[in-house]
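Please read all numbers here as calculations on a predicted model, not as lab measurements.
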Amino acid sequence: MIAFVAAAVLAGPQLSRLGNGIPIFIHPAPGEDRITLQALIRLDDATPAELGEANYIAGALFGETDNFSLRRFRELAWSIGGNVDSEMAGDCLRVEVATAKSHLLPAVDFLTDALKRPLFTEQALADGKTQVELLQKRMDENPQLQAVRNALAAVDAAAISVNAPTQRQAVAFHTRFFRPERVAISAVGDISAEEVAGAFSSLGGWSPSAAGSGEIASASQKHEPSLPVLVVCAPGPEPRHADFAAWLTACAALGCGKGSLLNREFRERRGITYSVGVDFAFRKGNSWAAFYVVLSKASDLDLSSLQNFIKSATLTESDLTRAKAFAAGEYEVGQPVDAGPMRAFAQGHAEPSEQAFWSSWWSLKGAPLSRDVDFAKLIGDVTLATANAQLRKMSQSLVTLYDYFL
């Protein structure tokens, strides 16, 4: 049985729900011949080692399946044209197919089989290893990214580097996390809710076997940044919480952009920083912000200096105005550097991939259907008092884990 629910907000997506509970969000785009199909798998309760393993799994999904040999599965991918992609996107694994509207059914077949029946052959796992090596190369070229990831991993909020999983480990990971209750699907294009739900009807009968804990891939060599980096982490509310918009705005005021408090203090006033910023992790039950300062020359600055500055910070009306514009118009809840769909988009949800991602992401966080449309307004309603209250709350719960002086 498939139930249809009309969106309660203007210009919002329509919601269709499959028999096993998987939500499908449809963003109608009349006259658009291209369709974008995207599935998100929630991993916000995975351990750092499991998140590290997920990077391999994302690169290994498009191999042989129960229904298709490797050759036939790739022929199916070629037959739909367009693009297929699979990657970690923040706290989710994202699988996307973009193709012509006329290829809806084979595109759904491809996406469904990749979700339900990957065999993780030797070739598929090799593909996953290649993708992880490219990711690590990008991390190595950006010292703050590696430092921030290490710090967040220490509070169970980011991936650690692990060895390539065996087939047994990959299958155990898939059994645990690829389940209907962890999946949300979005479709963007000139298609109706009935068309999309009908195409995905076979996925409504997906009822995987009971999940076991399985064996996790072992940790690999720890990577360290090549420049001295200071990182201070602060917990925050989960995305569906009423305080989330105020917390995100306060974080943006403190660490986002050239007008941020951290940039003005450590780059403009002291002149000792290579770069400053904030990165986020969104976990089951709470969020994390990691504020960092990358030093470009010798300094007596240490973690206590950064921590004390955050504790003493107070926002003005101009700080708040800039932070709201940054958070609502450019930042949303993503990451500005090297983060796939979890990135800045100044025009809002302009691209089909962004539209597909955010409606599913908010749903997996337990937020209402309207949240991907009204989130910018929630940020606009944040007052100076509530933003400063979030700063005070953060200052009382800072976690200083490491300084990366090499």
Side-chain angles (χ1 to χ4, degrees), residues 1-5 13-28 34-43 57-58 60-86 92-121 124 170-171 173-211 352-353 356-357 359-360 363-364:
M1 176 181 177
I2 300 172
F4 293 98
V5 181
Q14 295 178 291
L15 172 63
S16 170
R17 199 172 289 277
L18 300 178
N20 55 5
I22 294 177
I24 302 181
F25 298 92
I26 299 92
H27 297 258
R34 187 177 178 86
I35 59 169
T36 298
L37 306 174
Q38 194 174 112
L40 293 189
I41 297 90
R42 181 175 65 83
L43 299 176
I57 301 301
L61 281 180
F62 300 141
E64 189 170 346
T65 71
D66 277 349
N67 282 343
F68 296 96
S69 66
L70 177 62
R71 180 180 63 83
R72 288 190 59 215
F73 198 53
R74 290 185 173 174
E75 285 177 352
L76 178 60
W78 295 330
S79 74
I80 62 178
N83 300 313
V84 296
D85 192 22
S86 178
C92 297
L93 192 151
R94 180 186 72 94
V95 187
E96 181 177 287
V97 179
T99 186
K101 177 184 175 181
S102 57
H103 294 157
L104 172 64
L105 293 180
V108 168
D109 286 344
F110 180 87
L111 183 59
T112 297
D113 234 53
L115 290 175
K116 293 169 60 176
R117 304 184 180 92
L119 296 182
F120 300 112
T121 61
V171 170
F173 180 97
H174 183 272
T175 301
R176 177 176 176 184
F177 290 107
F178 281 62
R179 310 184 64 79
E181 64 270 20
R182 290 180 171 271
V183 175
I185 293 173
S186 292
V188 182
D190 190 4
I191 43 181
S192 67
E194 291 81 2
E195 284 180 286
V196 176
F200 276 103
S201 59
S202 65
L203 194 61
W206 179 26
S207 180
S209 58
S353 180
F357 182 89
S359 53
S360 292
S363 171
L364 290 175

Visitor: Got a donor-acceptor contact below 3.5 angstrom from the Thr112 side chain to the Val108 backbone?
Guide: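 Here the side-chain-to-backbone pair exists.
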Visitor: Give me the atom names and distance for the closest heavy-atom approach of Ser16 to Ala197.
Guide: OG-CB, 3.3 Å
Visitor: Nearest 0.5 Å, please: how far is CZ in Arg17 from CD1 in Ile22?
Guide: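 These two atoms lie 10.0 Å from each other.
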Visitor: Hey, does the side chain of Thr36 reach the backbone of Val188 with a donor-acceptor pair shorter than 3.5 angstrom?
Guide: no
Visitor: Measure across Phe68 and Glu64 and return the closest heavy-atom pair with its distance rounded to 0.1 Å.
Guide: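 Nearest heavy atoms, Phe68 then Glu64: O-CG, 3.2 Å.
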Visitor: To the nearest 0.5 Å, how far apart are CG in Leu105 and CZ in Phe110?
Guide: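 Leu105 CG to Phe110 CZ: 15.5 Å, rounded to 0.5 Å.
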Visitor: For a quick test of reading the model, state the closest non-hydrogen atom pair linking His27 to Ser359 and the distance between them.
Guide: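 Closest pair (atom of His27, atom of Ser359, distance): NE2-OG, 3.0 Å.
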Visitor: Asp190 and Glu195: which non-hydrogen atoms are nearest, and at how many Å?
Guide: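 Scanning both residues completely, I find the closest heavy atoms to be O-OE1, 4.4 Å.
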Visitor: Check whether any side-chain heavy atom of Glu96 sits under 4.5 Å from a side-chain heavy atom of Ser353, and report yes or no.
Guide: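 Of all side-chain heavy-atom pairs linking Ser353 with Glu96, at least one is under 4.5 Å.
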Visitor: Kindly determine whether Ile41 and Leu115 satisfy side chain to side chain contact (heavy atoms under 4.5 Å, CB included), including the steps that lead there.
Guide: CA-CA 9 Å; Ile41 297 90; Leu115 290 175; 3.8 Å; yes
Visitor: Please examine the side chains of Asp66 and Leu119, heavy atoms only from C-beta on, and report whether any two atoms are closer than 4.5 Å.
Guide: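 In contact.
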Visitor: Can you tell if the side chain of Pro23 reaches within under 4.5 Å of the side chain of Leu15, non-hydrogen atoms only?
Guide: yes
Visitor: Do Phe177 and Ile57 touch side chain to side chain, with heavy atoms closer than 4.5 Å?
Guide: no
Visitor: Heavy atoms, side chains only, cut-off 4.5 Å: are Gln38 and Leu40 in contact?
Guide: yes
Visitor: Apply salt bridge (Lys or Arg N to Asp or Glu O under 4.0 Å) to Arg94 and Asp85, showing your working.
Guide: CA-CA 8 Å; Arg94 180 186 72 94; Asp85 192 22; 2.7 Å; yes
Visitor: Tell me yes or no: between the side chains of Ser186 and Ser360, is some donor less than 3.5 Å from an acceptor?
Guide: yes
Visitor: Determine the interplanar angle of the His174 and Phe120 rings, folded into 0 to 90°, and report it as parallel if under 30°, tilted if 30 to 60°, perpendicular if over 60°.
Guide: perpendicular
Visitor: Given 3.5 Å as the limit, does a donor-acceptor pair link the side chain of Arg182 with the main chain of Arg42, or not?
Guide: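 Yes; at least one donor-acceptor contact below 3.5 Å.
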Visitor: Is the shortest heavy-atom distance from the side chain of Phe178 to the side chain of Phe173 under 4.5 Å?
Guide: yes
Visitor: Nearest 0.5 Å, please: how far is CG in Leu93 from OG in Ser86?
Guide: 4.5 Å
Visitor: Taking the side chain as every heavy atom from C-beta outward, state whether Phe25 and Gln14 have any atom pair closer than 4.5 Å.
Guide: no
Visitor: With the side chain counted from C-beta on, respond yes when Asn83 and Val97 share a heavy-atom pair under 4.5 Å apart, and no when they do not.
Guide: no
Visitor: Heavy atoms only: give me the nearest Asn67-Arg117 pair and the separation to one decimal.
Guide: ND2-NH1, 3.1 Å
Visitor: Does Asn20 use its side chain to pair, donor to acceptor, with the backbone of Leu203 at less than 3.5 Å?
Guide: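 Indeed, once roles are kept as given, a pair shorter than 3.5 Å links the two residues.
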Visitor: Shortest non-hydrogen contact from Ile26 to Ile191?
Guide: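 Scanning both residues, the minimum pair turns out to be CG2-O, 3.8 Å.
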Visitor: Roughly how far apart are Leu111 CG and Ile185 CD1, rounded to 0.5 Å?
Guide: 6.0 Å
